[in-house]
Amino acid sequence: MRDDGTLDDPYAPSSPTADTEDGTSTERTTAASRLRAYARDLTGRRRAQMALATGVVCCLGLAAVAQVRDGGADAATRGGSPSSSELAQRAEQQRASRALDRTAAPSASAAAPSATASLADPDTTAPARKAAPARPTKPAPVAGLDKDQMENAEAIVRTGRKMGVPRRGLVIAVATAMQESNLYNVASGVLPESQNHPHQGVGWDHDSVGLFQQRSSSGWGPVGRLMDPEFATRQFLAALEQVPGWERMRLTDAAQAVQVSAYPEYYQQHEWRATRVVDAILAAGR
């Protein structure tokens, strides 16, 4: 009980509050102001962040567009912008290519040739022909010979190879022709008939004719045949092969055994030249 005789309120606070109505209102106002300021600050930050993000995105987009434009400009610079006529030509080529693809694609039945067609056209399955081998080049004249002499020596070597005569026999034949006719196909002044055939001079040694100065009267053959370098060579080499041991003889002895000359030693002087000529011809014919 208070002094004034009233009863204390049991539910009243034990100590009076220090806050007054005005004080409480001020604090609340201050707190609300702080909250509004914080909200404004937070909103400003979010707006700034959004603006920054938007700016970054815009910058990236502008950079990408610029890169694409630069790439297109580079491509246009390198290749050059096609004109309207070029574009029309390309379109026409594409249409023609598509049309060709459609027409060139065979069906299964058309792709498989029938047996009748294969028999009628054997060239379609025949293998490709091989190119013909190049002919050997003619050798240049050697050992002091001219073109006609070299060609006659070639005729002797070519004929001997056909007969299967070894190199030694070819050298003996060329050396013999060097001594007998100087490697010219010589006709005879005694036999006007011999002059009716191709010849490279006229001699007067009885009825001797040709490269080896063979005599028709001695059984070497008809005059016309003896004027043929190949026939004359065959006659000489066939007689040489009948000489026993001719491969091991001196050249002059082997030639004399066939020719029966009045000057048997003269053949030997031509061996070195005949060897050079034969070797040059054989090398060119490989």
Side-chain angles (χ1 to χ4, degrees), residues 132-188 194 197-203 205 208-215 218 220-221 224-286:
R135 294 182 179 180
T137 58
K138 285 183 171 295
V142 296
L145 302 185
D146 60 24
K147 181 180 178 182
D148 291 336
Q149 291 172 307
M150 195 69 179
E151 288 181 352
N152 290 330
E154 286 184 73
I156 293 173
V157 173
R158 183 172 60 250
T159 302
R161 296 193 69 181
K162 290 180 181 178
M163 297 174 62
V165 176
R167 174 179 171 276
R168 178 62 175 170
L170 304 179
V171 173
I172 294 173
V174 171
T176 300
M178 285 179 173
Q179 174 60 31
E180 295 291 351
S181 65
N182 198 21
L183 267 177
Y184 289 116
N185 195 23
V186 179
S188 174
S194 64
H197 302 278
H199 58 280
Q200 298 162 325
V202 177
D205 184 11
S208 302
V209 297
L211 292 176
F212 297 92
Q213 290 292 282
Q214 295 158 329
R215 303 177 64 180
S218 299
W220 284 101
R225 300 295 303 280
L226 293 175
M227 291 296 298
D228 176 17
E230 183 174 347
F231 178 82
T233 300
R234 285 185 175 276
Q235 294 295 86
F236 175 82
L237 291 176
L240 177 65
E241 289 182 323
Q242 298 300 316
V243 177
W246 66 270
E247 300 95 331
R248 297 181 298 275
M249 292 181 177
R250 290 192 309 153
L251 183 145
T252 192
D253 294 337
Q256 175 63 13
V258 177
Q259 296 295 105
V260 193
S261 171
Y263 308 97
E265 291 295 327
Y266 282 10
Y267 301 107
Q268 190 65 40
Q269 62 184 327
H270 303 289
E271 183 171 7
W272 72 270
R273 297 177 63 217
T275 300
R276 284 194 59 192
V277 170
V278 170
D279 288 344
I281 296 172
L282 291 177
R286 290 176 183 173

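We number each residue from 1, following the sequence as shown. This one's a predicted model, so the numbers in the text were calculated from it and none came from an experiment.
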With Thr159, the side-chain contact (heavy atoms from CB on, under 4.5 Å) member among Arg161, Lys162, Met163: Met163
Phe212 side chain near Leu226 side chain, heavy-atom distance below 4.5 Å: no
Side-chain heavy atoms of Asn182 within contact of Gln149, under 4.5 Å: yes
Side-chain donor-acceptor contact under 3.5 Å, Tyr263 with Gln256: no
Where Val209 and Ser194 come nearest, the two heavy atoms and their spacing: CG1-CB, 3.9 Å
Sidechain N-carboxylate O distance under 4.0 Å for Asp205, Arg215: no
Salt-bridge contact Lys147-Glu154 (side-chain N to carboxylate O under 4.0 Å): no
Side chains of Glu180 and Tyr267 in contact at under 4.5 Å (non-hydrogen atoms): yes
Minimal non-hydrogen separation, Gly224 against His197, with atom names: CA-NE2, 3.3 Å
Close side-chain approach of Gln259 to Phe236, heavy-atom, < 4.5 Å: yes
Sub-4.5 Å side-chain heavy-atom contact between Val258 and Thr176: no
Audit row: Arg168, Glu271, salt bridge (charged side-chain N to carboxylate O under 4.0 Å, His left out) steps and yes/no: CA-CA 10 Å; Arg168 178 62 175 170; Glu271 183 171 7; 3.0 Å; yes
Side chains of Gln268 and Asp253, donor plus acceptor under 3.5 Å: no
Verdict with reasoning, Glu241 to Val165, per side chain to side chain contact (heavy atoms under 4.5 Å, CB included): CA-CA 9 Å; Glu241 289 182 323; Val165 176; 3.6 Å; yes
Residue pair Thr275, Arg167: steps toward the side chain to side chain contact (heavy atoms under 4.5 Å, CB included) verdict: CA-CA 9 Å; Thr275 300; Arg167 174 179 171 276; 3.2 Å; yes
Spacing of CD belonging to Gln213 relative to OG belonging to Ser188, to within rounding of 0.5 Å: 8.0 Å
Under 3.5 Å side-chain donor-acceptor pair for Gln214 and Gln235: no
Distance-minimising heavy-atom pair for Asn185 and Gly210: OD1-CA, 3.3 Å
Smallest separation among heavy atoms of Leu170 and Gly160, with atom names: CD2-CA, 3.6 Å
Leu145 side chain near Val277 side chain, heavy-atom distance below 4.5 Å: yes
From Tyr184 atom OH to Asp148 atom CG, the distance as rounded to the nearest 0.5 Å: 6.5 Å
Ile281 and Met150, any side-chain heavy atoms less than 4.5 Å apart: yes
For Phe231 against Trp220, the heavy-atom pair lying closest together: CE2-O, 4.1 Å
Side chain to side chain contact (heavy atoms under 4.5 Å, CB included) between Leu237 and Ile172, worked out: CA-CA 9 Å; Leu237 291 176; Ile172 294 173; over 6 Å; no
Worked verdict on Glu265 versus Arg250 for salt bridge (charged side-chain N to carboxylate O under 4.0 Å, His left out): CA-CA 10 Å; Glu265 291 295 327; Arg250 290 192 309 153; 3.1 Å; yes
Heavy-atom pair of closest approach, residues Trp246 and Leu240: CD1-O, 3.3 Å
Side-chain heavy-atom pair Val174, Arg273 within 4.5 angstrom cut-off: no
Side-chain H-bond candidate by donor/acceptor type, Gln179 with Gln269, under 3.5 Å: yes
